[in-house]
Amino acid sequence: MQELSVRHLLGIKDITPQDIQLIFETADNFKDVLNRPIKKVPSLRDITIANVFFENSTRTRLSFELAEKRLSADVINFSSSGSSVKKGETLLDTVNNILAMKVDMIVMRHSSPGAPHFLSKHIPANIVNAGDGTHEHPTQALLDSFSIRERLGEVAGKKVVIIGDILHSRVALSNIFALQKQGAEVMVCGPITLLPKYIQQLGVKVETNVRKALEWCDVANVLRIQLERQQMKYFPSLREYTLYYGIDKKMLDSLNKEIVLMHPGPINRGVELSSDAADSHHSIILNQVENGVAIRMAVLYLLAQRG
Ligand code: CP
């Protein structure tokens with residue numbers, strides 16, 4: 001039986017192209033299961049998983065919880081708000097107390113880059129990074145590539161532009177690693193102030209003109225402006241950002257080709273995407289969300305095999 005090269009999923013940087021293929025093939029099988037009347041399999045019966053969230057989430061948290069339940073795992077959910085973290089308990093103490101209740105796997109979101117990497121050096125359980133600050137969001141990148149593969153047949157050779165707040169985005173970094181490992185060409189596009197200074201050293205193309213980026217690409221993955229992570233003003237106003245970087249359906253329809261429109265959510269409607277673009281036939285945004293469950297089932301199942 002094939003297995004992953006890692007026992008934690010901390011980032012796409014650490015996994016191989018073969019790992020990505022194995023996750024996709026496993027997710028294909030789980031997607032078939034999810035389309036059956038009975039959507040549940042006993043694969044993780046007797047495994048207990050804690051979803052430990054120190055930062056807000058809708059899609060990732062619900063998608064992991066559903067994936068765990070579809071695999072018949074026992075699930076507990078922890079939110080830092082309302083917990084003893086507010087009384088000063090450390091991350092390691094918090095997680096060790098959860099593990100003392102005989103928990104096997106930890107799915108963690110944290111605002112500090114590297115928090116799951118730190119934990120992996122101190123605890124015996126498998127860890128899945130559900131987003132660590134501005135660093136990585138590996139399952140998001142996997143579900144994004146899986147959705148491109150589903151729509152376009154393959155990821156290799158495709159031109160993918162990631163548009164928006166690249167500087168503060170864990171989705172951007174994980175997508176760059178994932179797409180390149182599968183042989184796609186990657187471009188980043190945004191105002192110069194929201195592009196990391198040495199980003200081209202990752203082997204990506206850099207563009208500041210959104211029209212040119214859309215004319216180049218097969219797929220546009222549009223990101224949210226992360227105002228909550230911005231310590232200073234990176235552009236004059238949201239209105240001006242929308243004027244130069246906002247994408248609407250008229251713009252998409254005016255391209256002389258079909259492109260695939262993606263967004264990891266949550267969307268700031270009327271800022272980076274107009275509603276008519278987000279809800280248009282170009283968009284696979286809800287397919288991304290749907291695929292998140294199968295991808296997370298695959299990741300949890302394969303990590304549980306590693307033990
Ligand atoms: N895409 C994503 O991570 O969304 P949530 O923050 O709602 O989990």
Side-chain angles (χ1 to χ4, degrees), residues 1-27 30 43-44 46-55 57 60-61 63-65 67-68 71 73-78 80 90-146 170-171 173-178 180-182 292-307:
M1 198 189 105
Q2 274 187 288
E3 60 176 29
L4 292 178
S5 66
V6 290
R7 64 176 296 270
H8 307 290
L9 180 61
L10 301 177
I12 301 292
K13 191 174 183 200
D14 312 318
I15 65 173
T16 63
Q18 292 73 28
D19 288 329
I20 296 176
Q21 287 319 309
L22 177 59
I23 292 167
F24 285 1
E25 284 159 21
T26 311
F30 285 131
S43 313
L44 294 194
D46 301 330
I47 298 279
T48 304
I49 305 178
N51 300 312
V52 179
F53 277 66
F54 290 85
E55 226 190 36
S57 170
T60 311
R61 184 175 178 147
S63 173
F64 267 112
E65 186 173 345
E68 291 150 6
L71 290 166
D74 291 319
V75 180
I76 54 171
N77 290 305
F78 166 92
S80 58
T90 66
L91 169 63
L92 194 52
D93 278 340
T94 302
V95 174
N96 271 330
N97 277 270
I98 292 169
L99 292 180
M101 300 177 210
K102 308 280 183 230
V103 166
D104 304 294
M105 297 176 85
I106 297 284
V107 173
M108 187 175 81
R109 171 168 287 192
H110 202 284
S111 56
S112 296
H117 305 69
F118 163 79
L119 264 193
S120 70
K121 292 183 173 54
H122 294 92
I123 65 167
N126 307 95
I127 301 173
V128 184
N129 179 3
D132 61 325
T134 54
H135 182 214
E136 281 228 39
H137 191 350
T139 55
Q140 180 68 46
L142 289 167
L143 74 87
D144 288 346
S145 284
F146 186 80
R170 53 195 175 209
V171 174
L173 189 60
S174 286
N175 260 278
I176 290 169
F177 291 142
Q180 289 180 336
K181 284 182 190 215
Q182 295 167 89
V293 179
I295 282 289
R296 289 174 175 124
M297 286 173 81
V299 166
L300 295 165
Y301 172 77
L302 291 166
L303 289 178
Q305 305 310 303
R306 284 295 316 256

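We number each residue from 1, following the sequence as shown. These figures come from a predicted structure and were not determined experimentally.
For the side chain to side chain donor-acceptor pair (under 3.5 Å) test, no residue two or more places apart in sequence or in another chain qualifies with Gln180. Residues forming a side chain to side chain donor-acceptor pair (under 3.5 Å) with Asn126 (at least two apart in sequence, or on another chain): none. Taking Phe146 as the reference, Phe24 meet the ring pair (Phe, Tyr, Trp, His ring centres under 6.0 Å) condition, with sequence neighbours excluded.
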Please report the C-alpha distance between Gln305 and Met1 in whole Å, then the side-chain angles of each, then the deciding distance to 0.1 Å, and finally whether the side chain to side chain contact (heavy atoms under 4.5 Å, CB included) criterion is met. CA-CA 10 Å; Gln305 305 310 303; Met1 198 189 105; 3.6 Å; yes

Q: Report the C-alpha separation of Asn77 and Glu65 in whole Å, then their side-chain angles, then the decisive distance to 0.1 Å, and conclude whether the side chain to side chain donor-acceptor pair (under 3.5 Å) test is met.
A: CA-CA 8 Å; Asn77 290 305; Glu65 186 173 345; 3.1 Å; yes

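Shown here for Asp104 and Ala125, the closest heavy-atom pair between the two residues is O-CB, 3.2 Å. Across every non-hydrogen atom of Ser5 and Asp19, the tightest pair is OG-OD2, 2.5 Å.
Looking at heavy atoms from C-beta onward, Ile23 lies in side-chain contact with Val299 at the 4.5 angstrom threshold. You'll find the side chain of Gln182 reaches within 4.5 Å of the side chain of Ser145, heavy atoms only. By the 4.5 Å heavy-atom criterion applied to side chains, Ile20 and Ile15 are counted as neighbours. A heavy-atom distance below 4.5 Å is found between the side chains of Leu142 and Leu9. For the pair Met108/Leu119, a side-chain contact is recorded, criterion being any heavy-atom separation below 4.5 Å from C-beta on. Between His137 and Thr60 the shortest side-chain heavy-atom distance falls below 4.5 Å. Within the 4.5 Å cutoff, no side-chain heavy atoms of Gln21 are placed close to those of Lys181. Here the side chains of Thr94 and Phe78 are in contact, with some heavy-atom distance below 4.5 Å.
We find the CZ-CG distance between Arg170 and Asn175 to be 13.0 Å, quoted to the nearest 0.5 Å. To the nearest 0.5 Å, atom OG1 of residue Thr48 and atom CE of residue Met101 are 11.5 Å apart. Interatomic distance, NE2 of His122 versus CG of Leu92, reported as 6.5 Å (0.5 Å rounding).
The 12-atom threshold is not exceeded at OH of Tyr301, counting heavy atoms of other residues, nucleotides or ligands nearer than 6.0 Å. More than 12 heavy atoms of other shown residues, nucleotides or ligands fall within 6.0 angstrom of atom CD in Glu3.
Counted by atom type alone, Arg296 and Thr139 present one or more donor-acceptor pairs between their side chains at under 3.5 Å. For the residue pair Asp132 / Asn129, a side-chain donor-acceptor distance below 3.5 Å is found, with atom types taken as modelled. Checking Glu136 against Ser174 by side-chain atom types alone, a donor-acceptor pair falls below 3.5 Å.
For the pair Thr90 (side chain) and Asp93 (backbone), a donor-acceptor distance under 3.5 Å is present. Listed for the His8 side chain is no donor-acceptor partner under 3.5 Å among the backbone atoms of Leu10. Side-chain N or O atoms of His135 include none that pairs as donor or acceptor with a backbone N or O of Gly131 at under 3.5 Å.
Checked options Val103, Ile106, Ile98; the residue passing with Ile123 is Ile106 (criterion: side-chain contact (heavy atoms from CB on, under 4.5 Å)).
Salt bridge status for Glu68 with Arg61: absent, with no side-chain N to carboxylate O gap under 4.0 Å.
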